[in-house]
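Let me begin by presenting the structure, written as structure tokens, before commenting on it.
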There are 2 protein chains.
Amino acid sequence: MSNTDHRPLTLRDVSEASGVSEMTVSRVLRNRGDVSDATREKVLASAKELGYVPNKIAGALASSRVNLVAVIIPSMSNMVFPEVMTGISQVLEETDLQPVVGLTDYTREKEEKVLYEMLSWRPSGVIIAGLEHSDAAKAMLRASGIPVVEIMDVDGTPVDSVVGISHRRAGEKMAKAILKGGYQRIGFMGTTMPRDHRARKRFEGFTEVLAKAGVEIAEREFYSGGSALVKGREMTQALLARDPDLDFLYYSNDMIGAGGLMWLLEHGYDIPNQIGLAGFNGLNLLKGLPRELATMDACRLEIGRRAAEIIANRVKDDADQSPVRIALEPTISYGDTLRRP
Amino acid sequence: MSNTDHRPLTLRDVSEASGVSEMTVSRVLRNRGDVSDATREKVLASAKELGYVPNKIAGALASSRVNLVAVIIPSMSNMVFPEVMTGISQVLEETDLQPVVGLTDYTREKEEKVLYEMLSWRPSGVIIAGLEHSDAAKAMLRASGIPVVEIMDVDGTPVDSVVGISHRRAGEKMAKAILKGGYQRIGFMGTTMPRDHRARKRFEGFTEVLAKAGVEIAEREFYSGGSALVKGREMTQALLARDPDLDFLYYSNDMIGAGGLMWLLEHGYDIPNQIGLAGFNGLNLLKGLPRELATMDACRLEIGRRAAEIIANRVKDDADQSPVRIALEPTISYGDTLRRP
DNA sequence: GATCTGGATGTTATCGCGAACATCATAACT
DNA sequence: AGTTATGATGTTCGCGATAACATCCAGATC
């Protein structure tokens, strides 16, 4: 039953235990080729008894097939990527592919390192967040010769395929909705964005639409680190202290938006009339707040699913290898904090 | 610069490009053995120019060394495991080990499948959540011959090493604090717990202490799925409708606790005097609510760190391989919702 | 009965790399 | 000068599996 001496088990052990060749054992364990029922059962019994687990390293080397898909994302602790992962998993679960996650912590250096590390395992495909990568990273992606899908953002030039939303457009759309709601004096709060390209693009789209309507951002505030809920409170208070006449607050994510919302409610603001709010991301987590925050869905689940589908399709033998570009449409949700036109 | 024909690059390509043997290239790329500075630079230049990425599959097979640590956890989307992962990453980052995550979705079948899949890559160690596994899974873990650390929970018999808190004790501790606070009529809300062994253990410890003090849980309510914040509201309302005289509500996690807290505040309850609340987990995410929820820290970061340290130590050549058992002490945090004694 | 067919099995070569050992020069001793 | 260290490199073999081909045998076909 158990492997008492400490030599690792190999196909040979199973083959000896069941009295057939290694090749036949291999065929049984992979369900490939013709094997009689009798031998199959004999082999499976031996394998189970020994507790044999095939060595994919050797298998992958011999077959040059690896059922791994590298997924490279900034972080798992900010609500947005777990949902993307869910989408990816949902789709890959129906194939024999398996996602393997690498985290970049929002830095290019780490992205490069992680990518190198993952490519050295020769995965069948890469799903990677964002369109901004170091030249070296782009070169690696191209040289790898495997399908690459860049996700989240479509505003830029992909290496290969891309699935996402236009964050620029998301910002524009929210700006239009706010203007239509009749708001005029707008404050913005978000992360300091040296590396958050998507937040920057939203901000650019946002300000541009306002500018066209002759409106300028009246006040702004940035943060990094700490509890987003607390930061949302603090920044909201600071902003309103500086300019009590603000009638709208646009937050670059839902968590700080929620913090702001709570602060405003505690201080008796009339929402959405005296002041309106909106965030970004459509965090399901926050359903259940006293008021529902206006937000914009970033199509996270769908992005994950589509990206995985592209990889899954391309891995097939006779597949069309041409790049795909999918731009999903972010949808606005007015909630209780944004006056409808 | 780029690999135009479609043959994958190997050490041989780099060796030919730089005019040295494959072995020397290998040594350069791994920083092992003596290589003259001149050759080193020559090799690195060629490798970079070709865009060569070493094949770890072949490397691992040849050296029977794999720098991967399998981390098997139920889910990434419930706040508790991301922080454990952070702890693991922090520690492994200082070694050459790399975590690879597999998700079980709280089912034994999937756990078994994921474990099999991961072991087939011959990782250097396994970190796996919980002490409850199928017999087959336990057998695999034992037969693997690699260090195994079971995490989160210490109430049970580990396969090898274990790092966690006693959830039973966590429940007991909270019960004592509640009793000392003078609460008498206690309601409980949590997940339906067919598979949530840790929540069950907390509940058992909790009720036992109450029982000794002659107190019984007055009302209880269970949920599964959906937005935890909303569920917390709904269950709280339901519970208080059934028994308006409850003076304490114990929630099996902070999210439903936060939902309950908001509902109570909106309905004008006097907290913590008319009614007290407590959750479980010490979610940093929730800092910034109108009141700070009483909770108990599950030492998630520390658990991750300790588990990773055990693996990292054991991987060393001459390491002590004896099992380790670390029981961390959960600490109570009274917040604003639990009367102090 | 001879030939053919195809299912069931075995044999050999190879995947790309690293461990272990071998080789060769140069420097450092006695 | 002769021996010994040490650094820098190369050679051989094997890791554990799979691809591709080879073999064998029972039944079908003529």
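In the text below, chain A, chain B and the rest are named by the order of the sequence lines, each starting its count at 1. Values below: all heavy atoms of this structure, side chains included; hydrogens, waters and symmetry mates excluded.
- The interatomic distance linking B/L61 (CG) with C/dC17 (C1') rounds to 8 Å, in whole Å.
- When the side-chain nitrogen and oxygen atoms of A/S64 are compared with OP1 and OP2 of C/dC15, none of them lie within a distance under 4.0 Å.
- Listed candidates were D/dG16, C/dT9, C/dG16. Nearest to the side chain of A/T10 is D/dG16.
- Of the listed nucleotides (C/dA20, C/dG16, C/dT11), C/dT11 has the atom at the smallest distance from the side chain of A/S21.
- Remark: A/R30 is in phosphate contact with D/dA19, judged by side-chain N or O atoms under 4.0 Å from OP1 or OP2.
- Across A/V163 and A/V154, no two heavy atoms sit closer than the pair C-CG1, 4.3 Å.
- Side-chain nitrogen and oxygen atoms of A/R40 include none within less than 4.0 Å of the OP1 or OP2 phosphate oxygen of C/dA8.
- Between A/M23 atom CE and D/dC21 atom P there is a gap of 13 Å when expressed in whole angstrom units.
- Taking side-chain N and O atoms only, B/T24 has a distance below 4.0 Å to OP1 or OP2 of D/dG10.
- Distances shown here put every side-chain N or O of B/T39 at or beyond 4.0 Å from the OP1 or OP2 atom of D/dA8.
- Annotation: of the two residues near DNA chain D, B/V20 and A/K56, the 5′-most nearest-nucleotide partner is B/V20.
- Side-chain atoms of B/D320 and B/S322 form a donor-acceptor pair, as typed in the model, at a separation below 3.5 Å.
- One atom, CG of B/N31, and another, P of C/dG18, lie 12 Å apart when rounded to the nearest Å.
- In the interface, the side chain of A/R122 is not paired with the base of C/dG16 through any donor and acceptor atom under 3.5 Å apart.
- Salt bridge status for A/R195 with A/E111: absent, with no side-chain N to carboxylate O gap under 4.0 Å.
- The distance from atom CZ of B/R27 to atom P of D/dG7 is 13 Å, rounded to the nearest whole Å.
- For the pair A/D37 CG and C/dA8 P, the computed distance is 8 Å after rounding to whole Å.
- One interatomic measurement links the two molecules: CZ of A/R32 to C1' of C/dG7, which rounds to 18 Å at whole-angstrom precision.
- Mapping A/V35 and A/S63 onto DNA chain C by nearest heavy atom places A/V35 closer to the 5' end of the strand.
- At the phosphate of D/dA17, OP1 or OP2 sits under 4.0 Å from a side-chain N or O atom of A/Y52.
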Inset, instruction - List the steps, then state whether side-chain contact (heavy atoms from CB on, under 4.5 Å) holds for A/V101 with B/V101. - result: CA-CA 7 Å; A/V101 179; B/V101 179; 5.8 Å; no
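- If you check every strand for non-hydrogen atoms under 4.0 Å, A/S36 touches sugar and phosphate atoms only.
- Between B/R65 and C/dA19, a side-chain N or O to OP1/OP2 separation shorter than 4.0 Å is present.
- Protein atom CG of B/D34 is 19 Å distant from nucleotide atom P of C/dC24, rounded to whole Å.
- Salt bridge annotation for A/E16-A/R12: present, with a cationic side-chain nitrogen under 4.0 angstrom from a carboxylate oxygen.
- Comparing C/dG18, D/dT9, D/dA8 against the side chain of B/S26 picks out C/dG18 as the nearest.
- Among the protein residues, B/L11 comes within range of the sugar-phosphate backbone only, with heavy atoms under 4.0 Å from sugar or phosphate atoms but none that close to a base.
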Inset, instruction - Output, in order, the C-alpha distance, side-chain angles, deciding distance and verdict of side-chain contact (heavy atoms from CB on, under 4.5 Å) for A/V100 and A/W121. - result: CA-CA 11 Å; A/V100 181; A/W121 289 102; over 6 Å; no
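- Among the heavy atoms of the strands lying under 4.0 Å from A/N55 are primed sugar atoms or P, OP1, OP2 only; no base atom is included.
- For the pair B/L29 CG and C/dG16 P, the interatomic distance rounds to 16 Å; values are reported in whole Å.
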